[in-house]
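Encoded as structure tokens, the structure appears first; notes follow it.
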Amino acid sequence: MPQAYAYTAFGGPEVETFLDLPKPSPGPGQVLIKVRAAGVNPVDWKKRTGYRPQGAPAPALPAVFGGEAAGVVELIGPGVTGIAVGDEVFGQTVAGAWAEWALLPAELTARRPPSVSFEDAATLPIAAATAHDALVQLALPAGATLLIIGVGGGVGVAAAQIARIQGLTVIGTASAGKKDFVESLDVVPVEYGEGVADRVRAAAPQGVDGILDLVGGHALEEEVAGLLSDRTKLVSAADRETVARLGGAPVARLRTRAVLDQVAAWVADGLLNPRVVEVFPLPEAAQALHRVEGGHARGKVVLTNPA
Ligand SMILES: NC(=O)c1ccc[n+]([C@@H]2O[C@H](COP(=O)([O-])OP(=O)(O)OC[C@H]3O[C@@H](n4cnc5c(N)ncnc54)[C@H](OP(=O)(O)O)[C@@H]3O)[C@@H](O)[C@H]2O)c1
């Protein structure tokens, strides 16, 4: 049975492999969990190619994939309070989640509400928390209209639902094949591609008060042009350079346990569904990553381990 899915160098899928690594032991402020589920995100394949999120040091190689996990606490490191062995938790990982065990910083570890599945909980630290943080940053009043560029993926699905909780009207760009999926989120779908800005104008004759971009590049430039005069209401999780050039800002991540508790509470209350649409057992990690690397995932992709 493979233990951990890792990349041994920076490059394409050819540098991915399963490794038999020793069980990690928690350092100060860390907890060790037996992983039940782990999220799959674009940042996983981006890091494999050598991309480093702002300010992040280069990972030591081989590096285990995965930045978020849910599972059961097996050991706690020195100085950890408020979390006990046996607790069912989820959080951001220290270095890798696609494995039997993962280390989590205690301050970014939250308790899993009993009604929230391990699969759903595992998706919250990256996609849902980013969506939460973006909406905090935009600070739009109830009744305002938000455009989400790339609403059909992991962050977009969460952002759309959180925006609806806040009383916003949501318009989202997606491919034609996701129309029904987008409508099921209570979002007005707009097909992306040539002429998209005109289609957004037609869908939102009242105008757009904020934009959350989850695609970047051409999609961001085309869709933002002429739609938003107040560029302080433009944020992107996908493209720091383009959004800054357009007068907006990258999404500022809060990364707190309070945010994890909040998004989990929304899931428990039935207000937020991360839409886990594809679940792969850990031995199929390559297929799961390939699915996300294709750039057209629908909702969330998750890896699981047996209990
Ligand atoms: N800064 C952070 O902390 C942070 C955190 C999370 C994510 N991110 C970044 O945010 C981005 C989105 O992440 P994600 O997890 O939502 O990705 P994802 O689940 O892979 O979804 C990407 C979505 O983009 C859509 N898309 C592709 N081309 C498009 C276009 N031209 N116009 C509109 N939609 C388009 C795809 O839908 P179709 O099938 O409809 O094409 C797909 O649903 C990624 O770049 C990721 O790295 C950043």
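Every heavy atom of this structure was used, including side-chain atoms; hydrogens, water molecules and symmetry mates were not. Atoms within a ligand are numbered from 1 in the order they appear, just like the ligands themselves.
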> Should Asp230 and Lys233 count as an ion pair when the cut-off is N to O under 4.0 Å?
Replying inline: no
> How would you list, by chain and number, every residue that makes a ring pair (Phe, Tyr, Trp, His ring centres under 6.0 Å) with Tyr7, sequence neighbours excluded?
Replying inline: Phe65
Contact table ligand 1 N or O to protein N or O, d under 3.5 Å:
unit_1	atom_1	unit_2	atom_2	d
ligand 1	3 (O)	Arg253	NH1	3.2
ligand 1	16 (O)	Gly154	N	3.2
ligand 1	16 (O)	Val155	N	2.9
ligand 1	19 (O)	Gly154	N	2.9
ligand 1	37 (O)	Lys178	NZ	3.0
ligand 1	39 (O)	Ser175	OG	3.4
ligand 1	39 (O)	Lys178	NZ	2.8
ligand 1	39 (O)	His296	ND1	3.2
ligand 1	40 (O)	Ser175	N	2.8
ligand 1	40 (O)	Ser175	OG	2.7
ligand 1	41 (O)	Tyr192	OH	2.5
ligand 1	41 (O)	His296	ND1	2.6
ligand 1	43 (O)	Gly153	N	3.0
ligand 1	43 (O)	Lys178	NZ	2.8
ligand 1	43 (O)	Ala297	O	3.0
ligand 1	45 (O)	Lys46	NZ	2.8
ligand 1	47 (O)	Lys46	NZ	2.8

> Is Thr109 close to Glu107 at the side-chain level, that is, under 4.5 Å between some pair of heavy atoms?
Replying inline: no
N/O donor to acceptor pairs below 3.5 angstrom from side-chain atoms of residues 21-34, sequence neighbours left out:
unit_1	atom_1	unit_2	atom_2	d
Lys23	NZ	Glu74	OE2	2.5
Gln30	OE1	Gly27	N	2.8

> Mind checking who shares a hydrophobic cluster with Phe118, ILVMFWY linked at side-chain heavy-atom distances under 4.5 Å?
Replying inline: Val72
>> So that I can tick it off, tell me whether Glu16 and Arg48 are bridged by a salt bridge, with the cut-off set at under 4.0 angstrom between side-chain N and carboxylate O.
In response: yes
